[in-house]
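As structure tokens, the structure follows; a few thoughts come after it.
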Protein chains: 2
Amino acid sequence: MSVTIRDVAAAAHTSAATVSKVMNGSGSISQATIDRVEQVMRELGYHPNARARNFARQSTRTILFLTMLGKNAGFHNPHMFEIMSGMEEAVAKKGYLLCVKSISAEQACEFVEKIFDSKEADGLVLHASVVSPALDELVTVKAIPHIVIGNPDFPSHFSWIDIDNRLGGELAAKHLLKCGYRSLAFLGGRSEDRISGHRLEGVLSVLNEHDVLIPKGNLRQGDSDCDSGYARTEELLKQRELPDAVICANNYIAYGCVMALREHQIRIPEEMGVITFDEYPLSRILKPMLTVVDIDVFDMGYQTGKCILSKIRKPNLTVRYYSTLPSVLERESTRKIVQ
Amino acid sequence: MSVTIRDVAAAAHTSAATVSKVMNGSGSISQATIDRVEQVMRELGYHPNARARNFARQSTRTILFLTMLGKNAGFHNPHMFEIMSGMEEAVAKKGYLLCVKSISAEQACEFVEKIFDSKEADGLVLHASVVSPALDELVTVKAIPHIVIGNPDFPSHFSWIDIDNRLGGELAAKHLLKCGYRSLAFLGGRSEDRISGHRLEGVLSVLNEHDVLIPKGNLRQGDSDCDSGYARTEELLKQRELPDAVICANNYIAYGCVMALREHQIRIPEEMGVITFDEYPLSRILKPMLTVVDIDVFDMGYQTGKCILSKIRKPNLTVRYYSTLPSVLERESTRKIVQ
DNA sequence: CTGAAAGCGCTAACAG
DNA sequence: CTGTTAGCGCTTTCAG
């Protein structure tokens with residue numbers, strides 16, 4: 001059996017309670033006793049049993065992250081892992097451990113109830129893809145400390161943190177206007193793609209403000225992949241009036257777009273400016289290097305980690321905000337030389 | 001206070017011990033009692049307190065994954081998260097929870113000792129980047145159930161699981177020979193890049209076996225990025241004798257290589273075959289689509305999860321193997337039409 | 001087949 | 001400032 005608090009107490013000629021207080025910095029203990037106890041702990045190589053501790057204080061110092069994993073998640077959704085890394089860093093700073101569990105939206109309710117009742121974790125971080133109205137009710141009724149990553153697309157009582165994609169769209173449009181581009185196009189994902197939709201909203205609001213009209217033909221939607229980006233660009237180029245800059249709703253679309261422009265020998269940035277969102281995975285390998293509106297997802301994870309810890313302290317706190325602001329990384333693809 | 005085992009016992013007119021046995025399927029209990037207890041558990045919405053349980057049985061049903069995370073890990077190392085997803089799936093099947101903790105090789109020793117002594121986790125999965133001879137000794141002396149992901153590059157007592165990159169290289173070379181290519185080139189990463197090195201070894205062993213010579217000039221090393229792939233290809237093309245196929249040690253090198261070939265209007269696969277390793281992140285967006293030697297990293301994670309669970313059962317088991325075999329995904333870039 | 005009893009190792013009043 | 005005393009909720013002998 002390994003060394004227990006009683007062994008330490010005995011060796012330090014004191015009681016278990018005192019040792020406990022020394023470890024936790026609670027109560028008031030004389031410096032002499034503190035030194036003696038700490039000395040003995042070191043000598044004996046004592047490490048408090050975490051299981052007994054969790055049990056006694058009724059807390060595990062654990063945050064559970066629930067999301068949908070499964071095959072290819074690492075490749076298709078690197079952002080999620082970036083967020084996770086940020087969360088881990090934040091909670092680790094306060095001595096918490098991050099656990100991860102893959103779950104579907106259907107199983108989520110039952111599982112969350114079990115986890116909470118069984119007290120396996122002190123707080124829950126839920127990816128927006130696993131939440132549902134039923135889960136909202138459960139979490140509210142049971143007052144479960146939680147944060148949802150992503151603003152849920154239904155009315156709810158959840159606390160959430162999200163990225164302000166609308167603002168991202170605004171920044172993209174403003175940047176292009178500032179660079180001297182005057183006729184913008186937007187290549188978006190499918191209509192169900194809320195991220196793409198919010199980015200478009202932001203773009204339109206800026207154009208509206210500047211009284212810039214965007215022709216219907218310059219607004220195109222499709223899949224979020226290279227081929228679609230290529231095809232939508234081809235369509236764009238068939239129009240009588242060409243735009244002088246294009247905003248691609250994501251990396252993959254941008255890749256296809258640049259390929260198409262290259263084939264048509266349209267020079268970037270002189271004849272056509274190109275801007276997109278996020279650094280990864282493709283922005284940096286394209287020539288010319290693309291200007292992007294980037295958001296620091298690691299930081300978003302870090303904020304999430306901090307938030308869930310404060311929710312554990314103050315359970316009636318409601319958190320709802322866009323934690324991390326997007327910013328423009330200017331590169332070659334929008335350096336128009338204004339005559 | 002939530003409902004405890006005693007509440008259930010009282011309501012079912014029996015004892016806590018019996019309820020415990022019903023839950024765990026231990027001891028022998030009459031069917032009537034089982035039914036009655038289960039009924040009551042459902043009625044009361046009873047969920048056993050995990051903390052008390054962990055404490056009583058001295059196990060947490062938790063696996064801890066130690067690796068180096070930090071900013072951009074999600075983007076630069078998607079494989080790690082793919083492995084993690086696989087692990088999660090495997091351990092979840094047996095009711096275990098996966099925890100993740102970012103740590104550096106320097107901190108790893110101290111932390112592992114603490115974790116083990118404090119019994120926060122039942123088993124440890126260590127990424128090869130955090131292991132060291134000191135950790136090897138610690139893990140051996142304390143008989144800590146563990147698996148290392150990646151064969152450590154120093155002699156050790158660790159249990160490990162790895163990918164057989166040497167075999168990957170063999171498969172690549174064999175595939176090209178089978179397609180009718182006769183003069184191969186290899187574009188590798190830096191000499192410290194062990195993955196690239198093993199892939200090259202595999203290639204050379206096959207060529208050796210088939211008495212195919214590979215000219216010195218066809219073996220080139222550089223950084224593992226697109227620009228380096230491009231530059232190395234340019235060098236290759238300046239030679240008097242051109243190879244008829246090139247093996248790129250990774251995705252990024254392959255991307256640069258294809259760009260260079262395209263600029264020189266060298267047709268793939270007719271004039272030059274191209275093969276690389278791994279599906280992500282670039283193989284599938286390139287035109288023509290690249291033939292790759294792929295390995296199922298999710299499966300590797302899954303195997304790791306299964307292994308750590310068996311190590312927990314049988315602590316003196318030593319595991320050392322290449323868990324998941326690479327396989328060739330044939331696509332356009334190697335479809336030479338043999339005359 | 002069932003239940004009483006004795007912990008698991010630590011924390012948190014409370015009394016001294 | 002320190003120690004005594006009671007648990008935390010479950011599992012696990014062991015006697016009935």
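Chain letters run A, B, ... following the sequence lines, proteins first, then strands; residues in each count from 1.
Using a 30° and 60° split on the angle between ring planes, B:Phe154 and B:Phe158 fall in the perpendicular class, above 60°. Using cut-offs of 30° and 60° for the angle between ring planes, the A:Tyr280 and B:His76 rings count as perpendicular.
Nearest-nucleotide mapping onto DNA chain C: of B:Ile34 and B:Phe55, the residue sitting toward the 5' end is B:Ile34.
For the pair B:Asn54 CG and C:dG9 P, the interatomic distance rounds to 14 Å; values are reported in whole Å. As rounded to whole Å, 14 Å separates atom C1' of C:dG9 from atom CD of A:Gln58. D:dC10 atom C1' lies 14 Å from atom CZ of A:Arg51, rounded to whole Å. Atoms CD (A:Glu120) and P (D:dC10) sit 13 Å apart, rounded to a whole Å. Between B:Arg61 atom CZ and D:dC10 atom P there is a gap of 15 Å when expressed in whole angstrom units. We find that CG of B:Asp117 is positioned 12 Å from P of C:dC10, with the value rounded to whole Å.
A side-chain donor from one of B:Gln31 and B:Asp35 sits under 3.5 Å from a side-chain acceptor of the other. B:Thr62 and B:Asp122 share no side-chain donor-acceptor pair at under 3.5 Å.
Between B:Ser15 and C:dA4, a side-chain N or O to OP1/OP2 separation shorter than 4.0 Å is absent. Within the structure, every side-chain polar atom (N or O) of A:Thr4 is placed at least 4.0 Å from both OP1 and OP2 of C:dG9. Applying the 4.0 Å criterion to OP1 and OP2 of C:dT2, one finds that B:Ser28 has every side-chain N and O outside that range.
Annotation: the span from A:Thr304 atom OG1 to A:Glu88 atom CD amounts to 13.5 Å, rounded to 0.5 Å. Note that CG of B:Leu69 and CD of A:Glu89 are 9.0 Å apart. Values are rounded to the nearest 0.5 Å.
Nucleic acid contact for B:Ser30: sugar-phosphate only, since backbone atoms but no base atoms lie under 4.0 Å from a heavy atom of the residue.
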Trace of the side-chain hydrogen bond (donor to acceptor under 3.5 Å, both in side chains) decision for B:Tyr302 with B:Lys93: CA-CA 11 Å; B:Tyr302 193 88; B:Lys93 265 196 184 147; 2.7 Å; yes
With B for base contact, S for sugar-phosphate-only contact and - for none (protein heavy atoms under 4.0 Å), nucleotides 11-16 of chain D reads BBB---
